[in-house]
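Report on the structure given below.
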Amino acid sequence: MPRRVWTLNTLETPKQDGIYEVRVCKKNELLDCPLTMTGEFKNGEWVLKPVSAFKDHRVIAWRDK
């Protein structure tokens, strides 16, 4: 079984589009507790759904699902 390791989004983004397990936190909140959810990486951008609920969040880490 492959080891699933979290990758910091500031260091590396996925090499291909797809569905990933992501950790998100609120923008500009240093002490916000991260949430773990499913996110889509599409055309070099993270897509979090529903968009309206996560428009003020950013992806801080990701890993293969």
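Bear in mind the structure is a predicted one, so any value in this text is a computation, not a measurement.
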* Residue pairs fulfilling salt bridge (charged side-chain N to carboxylate O under 4.0 Å, His left out) with at least one residue in residues 27-46, sequence neighbours excluded -> none
Show me the donor-acceptor pairs, under 3.5 Å and distance only, between side chains in residues 11-18 and residues at least two apart or in other chains.
unit_1: E12; atom_1: OE2; unit_2: K15; atom_2: NZ; d: 2.8
unit_1: D17; atom_1: OD1; unit_2: N43; atom_2: N; d: 3.1
unit_1: D17; atom_1: OD2; unit_2: N43; atom_2: N; d: 3.3

* Asked: When Ile, Leu, Val, Met, Phe, Trp and Tyr are grouped by side-chain heavy atoms lying under 4.5 Å apart, directly or through other members, which residues fall in the same group as V47?
  -> none
* Asked: To which residues is V51 joined in a hydrophobic cluster, defined by side-chain heavy-atom contacts under 4.5 Å among Ile, Leu, Val, Met, Phe, Trp and Tyr, whether direct or through other members?
  -> none
* Asked: Considering all heavy atoms of both residues, which atom of P34 and which atom of C25 are nearest to each other, and what is their separation?
  -> CA-CB, 4.4 Å
* Asked: Who are the side-chain hydrogen bond (donor to acceptor under 3.5 Å, both in side chains) partners of R58, not counting sequence neighbours?
  -> none
* Transitive ILVMFWY cluster of F41, excluding itself - 4.5 Å side-chain cut-off -> Y20, V22, V24, L35, M37, W46, L48, F54, V59, W62
* To do: Using the test side-chain hydrogen bond (donor to acceptor under 3.5 Å, both in side chains), find all partners of T36 that sit at least two apart in sequence or belong to another chain.
  => R23
